[in-house]
Structure formats: structure tokens, C-alpha cells
Amino acid sequence: MTRLLASVTDADEAELAIQGGADLIDLKDPVRGALGALSLADIQRILAQVGGRRPVSATIGDLPPDPETTDAAIRATAATGVDFIKIGFFSERHLDACLPVVADLPATWRIVAVLFADRPTANTDPARFAAAGCAGVMLDTADKSRGRLLDHLDTDSLRRFVERAKQLGLMSGLAGSLRQEDIPHLLPLAPSYLGFRGALCAAGRRVERLVPERLTEIRAAL
Ligand SMILES: O=C[C@H](O)COP(=O)(O)O
């Protein structure tokens with residue numbers, strides 16, 4: 001079964017997402033980039049609001065390919081108690097520099113590696129992340145102004161990604177300015193999660209507020 005990931009920016013939106021049937025509450029500041037991070041204090045406030053009713057993921061931010069910065073951000077985010085920590089990999093150099101950091105983390109921390117359909121990491125073999133001890137892999141888009149996931153990768157490539165992740169025992173996620181009309185194309189691929197932000201917001205703009213009716217429509221379509 002494919003679950004619904006909803007990206008939220010604060011406790012009010014987290015509550016709307018829970019009431020609207022989101023399965024995973026993903027914490028993110030869209031103003032600060034594709035994987036913009038919320039402050040640790042905001043993450044803690046939202047975790048208190050969610051109160052264990054849903055699993056929660058948080059991003060460490062759109063960080064440069066620097067192992068020390070990445071390690072510090074992962075450890076600080078893990079200390080908040082989120083269930084999943086999402087780390088974006090934007091280039092081969094980024095992978096080479098920061099994937100070893102992930103491999104050295106405590107085995108119980110659930111790391112989700114995020115690759116970008118519009119960046120050179122799009123076709124990275126999920127086996128690299130399985131070997132580093134990741135819990136999951138996700139495909140998203142880095143530049144939200146330049147198309148949706150399916151503008152960059154066709155369904156055959158996405159199917160291979162999802163199936164490879166499954167073979168390796170990794171959770172898989174697909175996102176990237178997804179719209180309701182993308183769902184019939186992506187659902188047959190059976191990823192663990194489909195992720196949404198823009199489509200849930202006023203005017204379809206990810207920097208606007210989450211609109212309950214849009215979430216209801218996406219939930220129904222899933
Ligand atoms: O993790 C999923 C993303 O937040 C999706 O955001 P988006 O639908 O605006 O591309």
C-alpha cells in the first residue's frame with residue numbers, strides 16, 4: 001500500500017495533515033529550499049503537537065557537501081526524536097563526501113536519502129544507500145520552478161527505482177511538485193510513499209498555507 005506523506009511547516013499544519021489523513025508528517029521549510037530545514041525548536045513544537053499519532057520525518061536542510069556540517073545537522077535533528085531524518089544528495093561529490101557520514105551513524109537512526117530527478121544523483125543505485133545503512137530512498141525535485149517529477153523521469157525509470165529499493169529492503173518515496181493527476185501514473189509503481197507539499201497548498205504554491213480541502217482530494221485520489 002502506498003502511503004501519503006504531507007510536508008508541513010508548523011503545528012497547525014501538522015494537525016490539519018493528521019485530520020486530513022496524512023500517514024507521514026514531514027517537517028520542512030519550503031521557503032528555504034527543496035529540503036529547507038525548520039529550526040530545532042519548531043521541530044520540537046510540531047513533535048509535541050503530533051504526540052506520536054503519526055510518524056514524523058524532518059530534513060536537515062539544503063546543505064553544502066561538507067561532512068562535518070552534515071554530521072552536526074543529522075545529530076541535532078536526531079536529538080529532537082523525529083522518526084526519520086531526510087538528507088538530500090545533490091551531486092556525485094555530495095554523495096562521496098557525505099554518504100560515509102551516514103554509514104557511521106548509530107544503526108537505529110532511520111535515515112532517508114533524498115535524490116533529485118533534476119540533478120545528477122537521479123540515477124544513483126539505491127544499493128549505495130542500503131550499504132550505508134539508510135532506511136529509505138526518495139526521489140524529489142530540487143528546482144520546483146522547472147517541472148514535476150514525471151517531467152524529468154519516466155515511469156519505467158521510477159518503477160526500476162522503486163523495485164530496486166524494495167529488493168534491498170528500503171522504503172521508497174516519490175515526490176516533486178506532484179499533482180493529483182500524477183497519482184494514477186505513480187500508484188501502480190507501488191512506492192512506500194507519495195510526497196506532497198505544493199499540491200496541498202493555496203494556489204498550488206508550496207510556500208503558501210496547507211488547505212484541508214486539497215489534502216482531502218489527494219487523500220481520496222490515493
Ligand atoms: O517531501 C516531499 C516534498 O515536500 C514535496 O514538495 P512538493 O510537492 O512541493 O514538491
Side-chain angles (χ1 to χ4, degrees), residues 2-10 13-14 16-17 20-38 42-43 46 50 54-63 77 82-90 110-119 121-122 129 134-153 158 161-162 165 170-183 185-187 189 191-211 214-219 221-222:
T2 296
R3 296 189 169 86
L4 171 59
L5 173 155
S7 297
V8 306
T9 60
D10 59 26
E13 285 195 346
L16 289 177
D23 299 300
L24 174 62
I25 308 300
D26 178 51
L27 312 189
K28 181 176 290 176
D29 183 355
V31 174
R32 304 178 79 183
L35 288 190
L38 289 169
D42 283 342
I43 292 175
I46 301 173
V50 174
R54 295 288 188 282
V56 174
S57 62
T59 71
I60 61 165
D62 286 350
L63 295 180
T77 307
V82 293
D83 300 281
F84 298 99
I85 301 164
K86 287 167 70 181
I87 305 173
F89 293 99
F90 293 88
R110 289 187 283 178
I111 304 295
V112 176
V114 183
L115 313 174
F116 296 95
D118 53 346
R119 291 288 183 271
T121 54
F129 304 103
C134 291
V137 280
M138 182 154 187
L139 267 169
D140 199 336
T141 53
D143 184 346
K144 301 294 178 181
S145 70
R146 300 188 62 188
R148 318 211 293 258
L149 180 69
L150 283 164
D151 295 321
H152 300 287
L153 291 174
L158 296 174
F161 174 80
V162 168
L170 296 171
M171 292 184 319
S172 60
L174 299 177
S177 301
L178 299 183
R179 301 284 154 188
Q180 190 171 338
E181 58 264 37
D182 295 320
I183 294 176
H185 301 287
L186 299 178
L187 216 43
L189 313 184
S192 313
Y193 289 95
L194 287 182
F196 295 86
R197 171 72 193 171
L200 306 178
C201 294
R205 297 188 62 232
R206 66 199 310 268
V207 294
E208 301 289 342
R209 301 292 295 167
L210 196 144
V211 177
R214 292 191 184 274
L215 183 53
T216 306
E217 284 163 14
I218 296 288
R219 175 74 268 174
L222 262 180

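Whatever order the structure lists ligands and atoms in, that order sets their numbers, starting from 1. As a basis for the values below, the full set of heavy atoms in this structure was taken, side chains included, without hydrogen atoms, waters or symmetry mates.
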Close approach, Ala199 and ligand 1, non-hydrogen under 4.0 angstrom: no
Nitrogen or oxygen of Met138 less than 3.5 angstrom from that of ligand 1: no
Least distance between heavy atoms, Pro55 atom then Asp23 atom: CD-O, 3.3 Å
Under 4.0 Å to a heavy atom of Lys86 - the qualifying atoms of ligand 1, by number: 1 (O)
Heavy-atom check, side chain of Phe90 versus side chain of Asp62, under 4.5 Å: yes
Residue part near ligand 1, for Thr141, under 4.0 Å between non-hydrogen atoms: neither
Where ligand 1 meets Asp140 - atom numbers and elements under 4.0 angstrom, heavy-atom basis: 1 (O), 2 (C), 3 (C)
Criterion side-chain hydrogen bond (donor to acceptor under 3.5 Å, both in side chains) on Asp26 and Ser57, from CA distance to verdict: CA-CA 5 Å; Asp26 178 51; Ser57 62; 2.6 Å; yes
Ligand-residue contact atoms, ligand 1 with Lys28, heavy atoms, under 4.0 Å: 1 (O), 2 (C), 3 (C), 4 (O)
Option with minimal heavy-atom separation from atom 10 (O) of ligand 1, where the choices are Gly204, Ser177, Gly195, Ala34: Ser177
Check: Thr2 and Leu186 side chains under 4.5 Å, non-hydrogen atoms: no
Numbering as shown, the atoms of ligand 1 that approach Asp26 to under 4.0 Å (heavy-atom distance): 1 (O)
Lys86 vs Lys28 side-chain heavy atoms within contact, under 4.5 Å: yes
Validation row: Leu158, Leu149 side chains within 4.5 angstrom (heavy atoms): yes
Over 12 foreign heavy atoms within 6.0 Å of CZ, Arg3: no
Atoms in ligand 1 flagged as close to Leu5, the criterion being non-hydrogen separation under 4.0 Å: 1 (O), 2 (C)
Note, Ile111 side chain near Phe129 side chain (heavy atom, < 4.5 Å): no
Backbone or side-chain N or O of Arg197 under 3.5 Å from ligand 1 N or O: yes
Interfacing atoms of ligand 1 (cut-off 4.0 Å, heavy-atom, Ser7): 1 (O), 2 (C), 3 (C), 4 (O)
For atom 9 (O) of ligand 1, closest protein heavy-atom neighbour: Arg206 NE, 2.7 Å
Proximal ligand 1 atoms for Gly198, defined as those under 4.0 Å from one of its heavy atoms: 7 (P), 8 (O), 9 (O)
Contact atoms of ligand 1, heavy-atom distance to Ala175 under 4.0 Å: 2 (C)
Contact check, side chains of Ile46 and Val56, non-hydrogen atoms, under 4.5 Å: no
